[in-house]
Each structure stands twice: as C-alpha cells, then as structure tokens.
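Beneath this line is the structure, given in structure tokens, with notes to follow.
Counting starts at 1 for both ligands and their atoms, in listed order. Scope of the values below: all heavy atoms of this structure, side chains included, with no hydrogens, waters or symmetry mates.
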Amino acid sequence: MTIYRGTVLDTPVDPFTGGTLRADADAGLLVRDGTIEARGGFAELRARHPGEEVVYLRGGLVLPGFVDTHVHFPQVRAIGGLGMPLLDWLSRCALPEEARLADGGYARAVAAEFVSGLVQAGTTTALVFGAHFASAVDALFAEAARTGLRITSGLVVSDRLLRDELHTTPQRAYDEGLALARRWHGVGASRYAVIPRFSLSCGDPLLQSCGSLLTDVEGAWFTSHVNENVREIAAVAELFDGRRYLDTYDRHGLIGRRSVLAHNVHPSDDELACLASRGASVAHCPTSNAALGSGLFPLARHLAHGVRVALGSDVGAGTGFCLLKEGLQAYFVQQLLGDDGARLTSTHLLHLATAAGADVLGLRDRTGDLGAGRRFDAVWLRPSAGTALDVALRHAADPEDALAKAFVLGSPADIDTVWVDGRPCRSRNPVA
Ligand SMILES: [Zn+2]
C-alpha cells in the first residue's frame with residue numbers, strides 16, 4: 001500500500017445543492033491496488049499505518065482526475081480553426097480531417113496523439129466521439145486500453161450531408177456498431193456508445209437503427225449533438241417537419257439516463273423538461289461555443305429544470321483538452337449572461353470538471369472525488385517555481401482562492417503527475 005500525502009481538494013457533495021469544497025491542507029490517502037482505502041489527516045493516517053510507503057506530493061494541489069464528457073477523437077489535428085461558424089467549420093476543418101482516418105496507420109497515430117492529449121491535460125475519464133470508420137474506433141479503444149484511460153466511445157454514423165466517404169447505411173451502422181461493442185463494451189474500463197453525428201446528417205431510418213443498437217447492447221451509452229447553432233437548429237426543423245431537435249432522438253428511444261447531449265445552447269423549456277424527466281445529461285462545451293460563436297450556455301435554466309450538466313472540451317472546435325480552461329470559460333459565459341447567468345465559484349468549477357462528469361457518465365461510485373472507496377484517479381497540479389500560478393498558489397488566502405487561481409492560471413504545463421486507477425500515466429518528474 002502507498003500513502004499519498006498532499007493538499008487535496010474535491011467536491012464529494014454537489015455544490016449546486018448545498019455541498020462545499022472539501023479541502024485538506026495535509027491529507028493522507030491510503031491506496032491499495034488502485035483503490036483509496038482510507039483518507040484522513042496525514043499524521044493520523046501515518047500513525048495507523050506506520051509501515052507503508054509514503055509518497056509526498058509536496059506543494060501545489062491534488063485534485064480528482066478530470067472528466068471530459070464531450071471530445072472528438074479524430075479532431076486533434078483540427079484544433080485552432082478560427083473564424084467560422086459551426087457548419088462552415090465542419091466542412092472546411094473537421095470533415096476533411098475525419099475522412100483521413102479511413103487509413104489505419106493514420107488513425108493509429110491520431111489515436112496515440114488523442115489519448116496522450118487527454119492524459120497530459122489531467123483527463124482520466126472521457127466520453128469520446130469516435131470516428132466514422134470501425135477500424136479507427138478499434139485503434140482508439142486499443143490505445144485507451146493501453147493507458148488505462150476510462151473511455152466510453154463508439155462508431156460515429158451519418159448518412160447524408162457530410163462527405164460520401166463518411167456516409168453509411170442503417171444496416172451497416174448497426175452491424176459495425178454491434179461488432180465493435182462485442183469487442184470493447186465492458187472490456188477493462190471501456191464502454192460502448194451509440195453515436196449518430198447529429199440529426200442534420202442522420203435520416204430517420206438511421207436514427208431508428210441507432211435505437212435498435214442501443215437496445216441490443218446492454219448498458220450501452222448514447223451521445224450526440226443538440227441545439228448548438230441557430231442555423232443548424234433551423235435546418236434540422238426543416239428536415240424533420242418542424243420537430244424540436246431533441247424529439248428527433250427521443251422518438252427513437254435514444255434519450256434516457258445513459259444519454260449525453262453536447263451543447264444545448266438554445267433549448268426550449270419543453271426540451272429541458274424532457275431531458276430532466278428522462279434523467280439525461282448535457283455536456284457544456286464553453287470554449288467551443290465561444291470559438292464558433294454558437295452562443296451563451298443557459299446553465300441557470302438547466303439547473304432550474306434539474307438537468308445534469310458537466311463539462312466537455314469539444315476538441316477540435318474547443319481550444320484544447322484542458323478542463324481548467326473550460327471551467328474558466330464556463331465562468332466567463334455565466335458572467336456575460338448577467339442576471340440570467342448562474343453564479344459560479346471555483347468550487348462549482350471543480351465540481352463541473354470532476355464529480356459532475358462522473359455522475360453524468362454513471363461512474364460516481366468509482367471516480368469524481370478522492371474519498372475512501374473511489375479509485376485513485378488524480379491530478380497533481382504543481383507549477384514550476386516562479387510561474388504566475390506558483391506565486392498565486394503560495395499567496396492564496398484559502399483553499400477556494402487557491403482553486404480559483406488554479407482555474408484562472410493553470411494549464412497542462414502545470415500538471416506534474418496524473419494517475420488512473422492508481423497507476424501514474426503522466427509524470428513530469430519522478431515522484432519523491
Ligand atoms: Zn462536438
């Protein structure tokens with residue numbers, strides 16, 4: 001067993017419903033086989049377990065591993081395409097790159113870059129939009145399994161309005177999805193998700209086949225996009241005889257507790273009520289929404305309806321893998337909404353980046369905080385001496401202030417070590 005000693009911050013109880021930041025300046029976490037067996041003050045824990053190895057994470061902050069609830073595997077190399085709204089960005093930046101993943105070698109290289117990008121940013125769990133090619137999705141699952149990253153992912157399907165090589169048929173989508181699920185669903189930390197790209201690019205027969213696959217793969221997840229951009233929403237309404245966007249999925253049985261819809265920047269109250277009644281979740285992707293000019297996310301309305309919300313990086317429309325940056329941008333958006341915005345503290349931001357994501361993905365029993373019984377998925381944020389974050393942390397007034405400084409100033413460059421399931425999978429320096 002190992003005792004990890006450090007300054008540990010987490011949010012075991014939802015701060016949107018009265019929880020507060022749990023902050024232990026000198027905590028001990030007793031970890032055996034990847035599970036946190038006990039947590040307490042270091043001195044007291046050490047006295048109870050005098051023979052165990054101690055790893056002292058001196059300085060900085062120890063946080064739960066981040067949970068990214070919306071990120072695109074094939075878009076690592078498409079990050080940074082500025083100056084376009086959604087539909088132009090898709091056709092000029094994202095889709096040409098996604099077509100290249102038909103090539104197996106290319107897909108394996110991108111899978112390695114993608115998983116590395118997540119881990120370097122401190123993300124230990126992710127719901128991932130896969131690729132349009134089954135062989136590329138295999139490459140992603142294989143790479144994630146190699147590192148131990150907890151991913152839920154699957155084949156992305158469409159049958160219109162993209163590019164010919166990205167289109168499939170309802171039967172092929174079902175068959176390839178089922179074969180992938182048989183290979184990867186429930187294997188290690190991997191789970192399968194049914195993923196129509198968005199209703200704009202999926203006709204009813206294809207969405208119906210997605211519903212069949214979701215029924216036939218027990219415990220599978222569903223994810224897609226909804227209500228991101230006003231032009232997109234109008235086009236969907238036109239294609240589906242005026243239906244609301246969420247209904248295009250719901251009528252095929254795709255909306256339930258294991259459903260995560262990305263964006264939802266422009267929802268109707270009916271759609272929010274539907275999401276809440278089904279127990280479905282929304283992945284809020286603030287840098288993507290800003291970069292594409294999609295709009296300001298109505299978090300307060302989601303909370304008022306009781307809809308689960310967590311953060312997504314939405315790489316590559318999002319501006320990187322770092323959920324600290326997404327948290328800060330989420331804060332900016334609510335500030336810009338004025339009286340309509342939710343009032344967020346750094347505790348809310350940590351919750352959105354960790355425990356809320358774990359809850360959205362049904363993994364709260366395993367990850368999302370650093371309490372006894374959870375797996376040791378953790379990030380040690382320890383900036384180099386003399387950086388602005390280092391100075392700020394050393395002069396923080398209290399733990400919530402330190403956490404605010406981490407969200408405002410932190411980046412992947414400030415992350416020293418990342419553990420998934422108790423195994424270090426990124427280490428800037430040997431832990432001493
Ligand atoms: Zn997306």
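For Asp398, there are no salt bridge (Lys or Arg N to Asp or Glu O under 4.0 Å) partners at least two apart in sequence or on another chain. With sequence neighbours excluded, the residues that form a side-chain hydrogen bond (donor to acceptor under 3.5 Å, both in side chains) with Asp138 are Arg183, Trp184.
Closest of all the heavy-atom pairs between Val260 and Thr69 is CG1-O, 4.1 Å.
For the residue pair Glu400 / Thr347, a side-chain donor-acceptor distance below 3.5 Å is found, with atom types taken as modelled.
When side chains are defined from C-beta on, Thr223 counts as touching Phe129, because their heavy atoms get closer than 4.5 Å.
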Let me check something: any side-chain donor-acceptor pairs from residues 211-221 under 3.5 Å, sequence neighbours excluded? List them with distances.
from   : atom 1 : to     : atom 2 : distance (Å)
Ser212 : OG     : Gln208 : O      : 3.3
Thr215 : OG1    : Gly211 : O      : 3.0
Asp216 : OD2    : Tyr174 : OH     : 2.5

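Each protein N/O/S atom under 2.8 Å from the Zn ion (ligand 1) was counted, for a total of 4.
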